[in-house]
Amino acid sequence: MYAFIILLQTLILPIVSGGIQLLVSGGHPLLVFGLWWGFWGVGIRLTLAGLSQVTKPDRTRKILGVDSTDANQVVQELGYANLGMGVTALAIPFLPSWGVLLAVPGAIFLLLAGVRHVSKPGKNAAEQVATWTDLLVFLGVTAGVVGLAIVGW
């Protein structure tokens with residue numbers, strides 16, 4: 001179920017939302033898809049991850065393969081950071097001219113987390129999905145920044 005939810009937030013919903021927007025109102029494809037990757041991949045994903053990490057740190061700790069409950073405080077603090085970046089990116093539909101920029105801090109975080117996880121040996125399936133979708137979201141938001149530069153700041 002975890003993998004499906006992550007794939008929904010980081011692949012399926014950004015593509016569907018961007019496609020609908022392009023069909024209905026047009027726009028530059030890089031910018032449109034970048035906005036939706038920012039909303040779903042950073043805003044929704046990091047907000048939900050943050051809520052989960054704050055309220056149920058054991059879940060993230062187990063995904064990462066950490067046995068000690070002493071790590072729960074660190075997981076909860078990660079949750080606070082995820083909430084901050086995620087909630088900020090949730091404003092994308094309300095501030096479309098700022099949209100991609102609202103997602104950049106979260107996208108950079110996902111890039112760094114993804115790069116860190118790529119080299120980790122023995123990842124379980126959930127961590128594999130998280131690793132590659134972290135990188136995908138970064139690329140999607142980066143495409144939006146490129147699109148923003150093309151159409152003009």
Side-chain angles (χ1 to χ4, degrees), residues 1-57 59-61 63-64 74-120 123-153:
M1 186 63 153
Y2 171 82
F4 174 72
I5 291 170
I6 297 300
L7 289 171
L8 196 63
Q9 295 168 348
T10 59
L11 181 64
I12 299 164
L13 290 172
I15 290 172
V16 169
S17 300
I20 290 170
Q21 181 176 340
L22 285 174
L23 287 172
V24 171
S25 59
H28 193 285
L30 289 177
L31 181 55
V32 169
F33 284 110
L35 286 168
W36 287 110
W37 250 289
F39 176 76
W40 289 108
V42 176
I44 297 295
R45 179 178 182 185
L46 291 185
T47 297
L48 293 177
L51 288 171
S52 174
Q53 290 158 341
V54 169
T55 61
K56 297 178 181 174
R59 184 179 303 153
T60 297
R61 191 173 47 76
I63 288 171
L64 296 175
V74 173
V75 171
Q76 287 176 317
E77 291 177 9
L78 171 64
Y80 303 144
N82 280 334
L83 277 170
M85 292 179 285
V87 168
T88 301
L90 290 178
I92 289 171
F94 308 104
L95 299 166
S97 61
W98 284 79
V100 173
L101 300 177
L102 293 170
V104 167
I108 292 170
F109 167 76
L110 291 169
L111 167 68
L112 296 173
V115 167
R116 167 65 178 91
H117 286 288
V118 165
S119 64
K120 182 181 175 188
K123 290 184 283 294
N124 59 36
E127 197 173 359
Q128 286 280 4
V129 169
T131 298
W132 297 108
T133 56
D134 285 353
L135 300 173
L136 174 65
V137 171
F138 171 77
L139 292 174
V141 172
T142 300
V145 171
V146 170
L148 185 60
I150 290 170
V151 300
W153 301 93

*Asks:* Is there side-chain contact between F109 and N82, with at least one heavy-atom pair below 4.5 Å?
*Replies:*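 Yes, at least one pair of side-chain atoms sits under 4.5 Å.
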
*Asks:* Please verify the inter-ring angle class for F33 with W37; under 30° counts as parallel, over 60° as perpendicular, anything in between as tilted.
*Replies:*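 Tilted.
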
*Asks:* Any side-chain heavy-atom pair from L35 and V100 closer than 4.5 angstrom?
*Replies:*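 With C-beta onward as the side chain, the pair touches.
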
*Asks:* So, applying side chain to side chain contact (heavy atoms under 4.5 Å, CB included) with L110, which one of L46, V141, L135, L139 is it?
*Replies:*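 Exactly one option meets the side chain to side chain contact (heavy atoms under 4.5 Å, CB included) with L110, and it is L46.
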
*Asks:* What verdict does the side chain to side chain contact (heavy atoms under 4.5 Å, CB included) test give for L83 and T47, after you've listed the backbone C-alpha separation in whole Å, the side-chain angles of each residue and the deciding distance to 0.1 Å?
*Replies:* CA-CA 5 Å; L83 277 170; T47 297; 4.2 Å; yes

*Asks:* Minimum heavy-atom separation for G106 to M85, with atom names?
*Replies:*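 Answer, listing the atom of G106 first, then M85: CA-SD, 3.6 Å.
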
*Asks:* What distance separates I6 CD1 from T131 OG1, expressed to the nearest 0.5 Å?
*Replies:*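 One gets 11.0 Å once the value is rounded to the nearest 0.5 Å.
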
*Asks:* When you compare the side chain of W36 with that of L13, does any pair of heavy atoms fall below 4.5 Å?
*Replies:*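 Side chain of L13 against side chain of W36, heavy atoms only: no contact under 4.5 Å found.
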
*Asks:* Specify the closest pair of heavy atoms between A3 and V129, including all atoms of both residues, with the distance to one decimal.
*Replies:*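 Shortest heavy-atom separation between A3 and V129 comes out as CB-CG2, 3.8 Å.
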
*Asks:* Looking at every non-hydrogen atom in both residues, tell me the closest pair between G38 and A103 and how far apart they are.
*Replies:*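 Distance-wise, the nearest heavy atoms are CA-CB, 3.6 Å.
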
*Asks:* What heavy-atom pair brings H28 and G147 nearest, and what distance separates the two atoms?
*Replies:*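 Result for this residue pair: ND1-CA, 4.2 Å.
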
*Asks:* How many angstroms lie between CD1 in I150 and CG in L30, if you round to the nearest 0.5 Å?
*Replies:*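 CG of L30 is found 5.5 Å from CD1 of I150.
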
*Asks:* Evaluate the side-chain proximity of L101 to L148: yes if any heavy-atom separation is below 4.5 Å, no if none is.
*Replies:*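 When only atoms from C-beta onward are counted, L101 and L148 do touch, with a gap below 4.5 Å.
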
*Asks:* When rounded to the nearest 0.5 angstrom, what is the spacing between CG in L48 and CD1 in I5?
*Replies:*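 Rounded to the nearest 0.5 Å, the CG-CD1 separation comes to 8.5 Å.
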
*Asks:* Evaluate the side-chain proximity of W40 to T10: yes if any heavy-atom separation is below 4.5 Å, no if none is.
*Replies:*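 Not touching, per the 4.5 Å side-chain cut-off.
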
*Asks:* Verify side chain to side chain contact (heavy atoms under 4.5 Å, CB included) between R45 and D134, making sure each step is shown before the conclusion.
*Replies:* CA-CA 10 Å; R45 179 178 182 185; D134 285 353; 2.9 Å; yes

*Asks:* How many angstroms lie between atom CZ of R61 and atom NZ of K56, to the nearest 0.5 angstrom?
*Replies:*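 Result: 14.5 Å between the selected atoms.
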
*Asks:* How long is the span from the CG atom in L112 to the NE2 atom in H117, to the nearest 0.5 Å?
*Replies:*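 Reported value, rounded in 0.5 Å steps: 11.0 Å.
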
*Asks:* Hey, could you give me the CD/CD distance between Q53 and E77, rounded to the nearest 0.5 Å?
*Replies:*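 Q53 CD to E77 CD: 11.5 Å, rounded to 0.5 Å.
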
*Asks:* What pair of heavy atoms forms the shortest contact from P105 to L102, and how long is it?
*Replies:*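 The answer is CD-O, 3.8 Å.
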
*Asks:* For residues W132 and V118, report the shortest heavy-atom separation together with the two atoms involved.
*Replies:*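 Closest approach of W132 to V118: CH2-CG2, 4.0 Å.
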
